[in-house]
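Let me begin by presenting the structure, written as structure tokens, before commenting on it.
Treat the numbers as computed from the prediction; the structure is a model and nothing was measured. Quick note on labels: first sequence line is chain A, next is B, and so on, each numbered from 1.
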Amino acid sequence: MNSRIPPTPLPSLSIQSTQCLRARIRRRHVAERRFRFYGFSAMVLTLAVLVLVFSFILSKSYTAFQENVLSLRIAIDSAMIDSKGNPLTADYRELIQKAVAGLFPAVTDRHDRHLLFSLISEGAPYALRALVTRQRQQAKRDGNIIVDVLLSDEADQFLKGHITAHVSEKERKIKDLQVTWLKELQARGLIHSRFNITLFTAGDSREPELAGILGAVTGSFYLVIVTLGLSFPVGVASAVYLEEFAPRNRLTDMIEVNINNLAAVPSVVFGLLGLAVFLNGLSFPRSAPLVGGFVLSLLILPTIILAARAALKAVPLSIREAALGIGASKMQSILHHVLPLAMPGIMTGTILGLAHALGESAPLLMIGMVAFVVDTPVTLLDPATVLPVQIYLWADSPERAFLEKTAAAIVVLLGFLIAMNTIAIMVRIKFERRW
Amino acid sequence: MHVLTLLAVLLCISLLGFRISQSRALSLARTAGLHSLPYHHGQFASLAILLPGLGVILLWSLLEAPLALWLALDHLPVPPNLADGEVRLLIAEISNIAAGYGGRQDPALLAAAWHYRELRQTSFTLAASVAVSVSLGGLVFAWRRVTPSHQARNSVERVLKIFMILCSALAVLTTAGIILSLLFEAFRFFVHVPFTAFLFGLEWSPQKALPAEQIGAVFGAVPLFTGTLLIASIAMLVATPLGLLTAIYTAEYAAPHIRTVAKPLLEILAGIPTVVYGFFAALMVAPALRDTGAMFGISISSESALAAGVVMGIMIIPFVSSLADDIMSAVPQSLREGSLGLGATQSETIRRVVLPAALPGIIGGILLAASRAIGETMIVVMAAGLSAHLTANPFAAVTTVTVQIVTLLVGDQEFDSPKTLAAFALGLVLFVVTLALNFVALQVVRKYREQYE
């Protein structure tokens, strides 16, 4: 039909155009390799940053697991321990200072003696009293007792090498005189380093060498329990209703959109909600794990609902219909057949949600868990703090020694999180069924 | 007696009721055909016992404390037109004395506190007896209902269903609660500071002491908005290319064994708590940037927006990457194979076929990541500054909306002052902005998404 239109001439396959063709193909292949390299290096860069973060934290934290102590021989006056063996309220601080002064008899100047005593931690008298109470019979017999007292945080940091003597004396908290004494004590073999049990058995403190994470870990534990107890039943019940019973109309669509939106709301807003409703409206006790649990369970509720719905959806229709076929009611078929089969997926989602809640700190700052809490909480209504908030507080502190403690607390927190994620993955691998 | 003991008593009664009704149903089953299984009758009995009892306890715990305080206050010779704050102070004193913490030795106050404690004890005894008698009534009621025709299972299932509906309603209630509480407190703030002065004012320094009429001048939130946008845009500039390229590599190029290793590692990056990122930003990235800047003669603040933005970008890389990966994997293989069949290289296929097909979802994912960056708190609290500067310089210290919310509420101002209420106004703005971003992301995905058969 179109024979009147002259045919378009074919491109002549001359040597130049073949070479052009080959050059173009080569360029395209080079572009391909470059693109692939970009993708690979982006992934490697991201993972390298992950390695960098972990190695930075680990490098700053490993010194925190050791603490430096000084061995002192304290002479026990028999007046200190009465005939029934009770240690009376002796002036333990004076005893310690006398023992320390005895190590350096040449120091007489009052200012110098003050410097000498400030090498010992403020908590040393309490440790001595506890030791004398525990070993009173032996102390009474021997007439003296050997106690390992903690060094002050500046001395501790110096011995760990974080404060160096190269910096001029005006720019550091530890003075040259104290440096000489420390070196002398080290030469005499009286200073040794041991595993930092204080970090794991003490609550928070203003003195870095006496500060520990026990209060924060207990608070976190109570918080996770309250969060689990509130969010798991409510989340599973909502998911079962929305997935199985709810009619497909505008209202349920709105509820679904609502839940998806809640999953993306910033966590500070939940903190504001907790402050306005739970603390001001319902007068819950401030800083208690109970309030924190309420706020965080609202925070992870959308996550649990979404995970539970996905798990319920994955159970095939045949199971439900088989149950109905042998005479079960709808509720029975769900409770006895569908829910147990969906449970591994629900549990995985719950554990991941709890791991997220464990690391949350912003909403808890709003409800008052940022207070300086020294005692370990005993009930759910006592003021408490949690590990991430403790990390935030310590990171803000000016003392040099808190840096390593913060890093050590981060290592503990990451350890818990890795354990929880591993449990979730193991539950998923072992129990999940593929239909 | 304590509330916990009362709850334990209720629990025991409900267990007793369960056993009694179940055994009665069992004995009936031998003679007549039952509608429901015996344990359903037992469950019906437990619910009939627990629900009224718990209802009484809940009602009592909500109403009794304010009621008792109100009655105790009646006995005090207070002047009639006392200010609201002073009345609350009196209430607090009375409850402190009643709880044994001591207080002023005013005989009228002590009498009121004593009266208050007596009131509470009598009300608890009253409530406990009502709860126990109601539960025992429920026990008798359920026992008498154990008949062959009683549809116990249906009743129990109906109660369960109502419980599930209430739980689902909680999600809606939460959103409503957030909106209402934010609006309520924000309105109290806008009484002090006009709305336009807040949204469009250029100076944010709440710590300035100004008389009440001029207080609006220092609550201008524009520096906060620009600071938030600056840090969030730096974060997106870092996260989008890295996240997209990582997703392209893991979705299209990576061998399966690399994919199985890389994906969990990226999940770990997503699971690290934000305090850790904040610590990393404040103690490693910010000093490194400052020293690098000093080497080149640029003065970078030690609380620069760049440090916070870069670390925030690192935090949201896994979001962008996993969302983009899922969306690109959802593009059908037939499109790729068609393109490869026409002679395109893999990168050309990705750039010209897969990415355009996945683009709506990827844009939705980027918007979601942006809303996450805007709402992030701990990284900026630890790494960004506290003073509001109106600047676009990434090397300067800026502050964001979330930092100010935390600072205003963690300090010790009284709750009614405009300073603390400003936090709720900021929270309202934050909530509205993130909600809008999520909504737009959803609309983009829904409108432009390709449907493949």
Side-chain angles (χ1 to χ4, degrees), chain A residues 28-29 31-32 35-36 38-40 42-43 45-47 49-50 53 56-57 233-234 237-238 240-242 245-246 255 258-259 261-262 264-269 272-273 275-277 280 298 301-302 305 329 331 355 359-362 365-366 370 388 391-392 395 403 406 410 413-414 417 421, chain B residues 153 157 160-161 163-165 167-168 170-172 174-175 177-178 181-182 185 241-242 245-246 248-250 253 262 265-266 268-269 271-273 275-276 278-280 282-284 314 317 345-348 368 371 375-378 382 402 405-406 409-410 415 423-424 427 430-431 434-435 438:
Chain A
R28 284 170 59 210
H29 281 210
E32 154 77 18
F35 190 74
R36 187 191 165 116
Y38 288 159
F40 180 71
M43 186 180 77
L45 183 63
T46 310
L47 294 178
V49 169
L50 177 68
V53 172
F56 172 72
I57 307 258
V234 174
S238 310
V240 167
Y241 177 72
L242 288 172
F245 288 104
I255 296 182
N258 212 345
I259 292 179
N261 278 335
L262 267 185
V265 167
S267 49
V268 256
V269 176
L272 289 174
L273 171 72
L275 181 61
V277 171
N280 290 331
L298 286 179
L301 198 61
I305 293 180
S329 69
M331 184 72 77
E360 272 292 339
S361 44
L365 294 183
M366 310 273 108
V370 74
I391 291 171
Y392 164 67
L403 179 62
T406 315
I410 292 180
L413 179 65
L414 287 178
L417 288 174
N421 277 310
Chain B
R153 192 199 70 209
E157 290 182 353
L160 274 179
K161 197 162 161 185
F163 172 69
M164 288 184 192
I165 296 180
C167 290
S168 320
L170 190 62
V172 182
T174 312
T175 316
I178 292 178
S181 60
L182 286 179
E185 306 287 352
L242 282 178
L245 285 172
T246 310
I248 289 174
Y249 186 79
T250 51
Y253 285 111
L265 286 178
L266 287 171
I268 291 182
L269 205 60
I272 296 182
V275 255
V276 179
F279 177 74
F280 177 66
L283 273 108
M284 172 151 177
I314 294 172
I317 287 178
T345 61
Q346 202 169 359
S347 67
E348 284 163 1
L368 283 176
S371 100
E376 177 46 51
T377 315
M378 290 318 286
M382 292 170 86
T402 43
I405 293 178
V406 170
L409 284 176
V410 160
F415 194 73
F424 283 95
L430 187 69
F431 180 69
T434 42
L435 208 63
N438 291 332

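- Both the backbone and the side chain of A:L50 come within contact range of chain B, with heavy atoms under 4.5 Å apart.
- Only the side chain of A:L45 comes within contact range of chain B, with at least one heavy atom under 4.5 Å from a heavy atom of that chain.
- By the 4.5 Å heavy-atom criterion applied to side chains, B:P273 and A:L414 are counted as neighbours.
- Side chains of B:T174 and A:L273 form a contact here, defined as non-hydrogen atoms less than 4.5 Å apart.
- Both the backbone and the side chain of B:L242 come within less than 4.5 Å of a heavy atom of chain A.
- A heavy-atom distance below 4.5 Å is not found between the side chains of A:N421 and B:I268.
- Residues A:P266 and B:L430 meet the side-chain proximity criterion, which asks for heavy atoms closer than 4.5 Å.
- When all heavy atoms of B:V275 and A:G359 are compared, the pair lying nearest together is CG2-O, 4.4 Å.
- When atom types are taken as modelled, the side chain of B:Q346 and the backbone of A:E32 share no donor-acceptor pair closer than 3.5 angstrom.
- For the atom pair CZ (A:R36) and OG1 (B:T345), the distance works out to 12.0 Å, reported to the nearest 0.5 Å.
- Taking B:A171, B:A423, B:G278, B:S371 one by one and counting their heavy-atom pairs under 4.5 Å with chain A, the maximum is reached by B:A171.
- Between A:L403 and B:F279 the shortest side-chain heavy-atom distance falls below 4.5 Å.
- By number of non-hydrogen pairs under 4.5 angstrom with chain A, the leading residue of B:A262, B:G427, B:S347 is B:S347.
- Interface residue A:V234: backbone and side-chain heavy atoms are both found under 4.5 Å from chain B.
- Among B:L265, B:L182, B:L266, B:T250, the residue with the largest count of heavy-atom pairs under 4.5 Å with chain A is B:L265.
- For B:M378, the part lying near chain A is the side chain, with the backbone staying farther off; criterion is any non-hydrogen pair under 4.5 Å.
- With a 4.5 Å cut-off on non-hydrogen atoms, B:I314 touches chain A through its side chain but not through its backbone.
- For a residue to count as touching a neighbouring chain, one of its non-hydrogen atoms must lie under 4.5 Å from one of that chain's; by this rule A:L365 touches chain B with backbone and side chain alike.
- At a threshold of 4.5 Å between non-hydrogen side-chain atoms, the residues B:T175 and A:N261 do not count as touching.
- Using a 4.5 Å cut-off between heavy atoms, B:I317 contacts chain A through its side chain alone, with no backbone atom that close.
- Heavy atoms of A:A264 lying under 4.5 Å from chain B belong to its backbone as well as its side chain.
- Between chain A and the residues B:L170, B:L269, B:I248, the largest count of heavy-atom pairs under 4.5 Å involves B:L269.
- For the pair B:T434/A:V265, no side-chain contact is recorded, criterion being any heavy-atom separation below 4.5 Å from C-beta on.
- Using a 4.5 Å heavy-atom threshold, the side chains of A:L275 and B:F424 count as touching.
- Taking the centre of each ring, B:F280 and A:F56 come in below the 6.0 Å mark.
- With chain A as partner, the option from B:V406, B:T402, B:L368 having the largest number of non-hydrogen pairs under 4.5 angstrom is B:V406.
- Both the backbone and the side chain of A:F40 have a heavy atom closer than 4.5 Å to some heavy atom of chain B.
- Here the closest heavy-atom approach between residue A:Y241 and residue B:S168 is recorded as CD2-OG, 3.3 Å.
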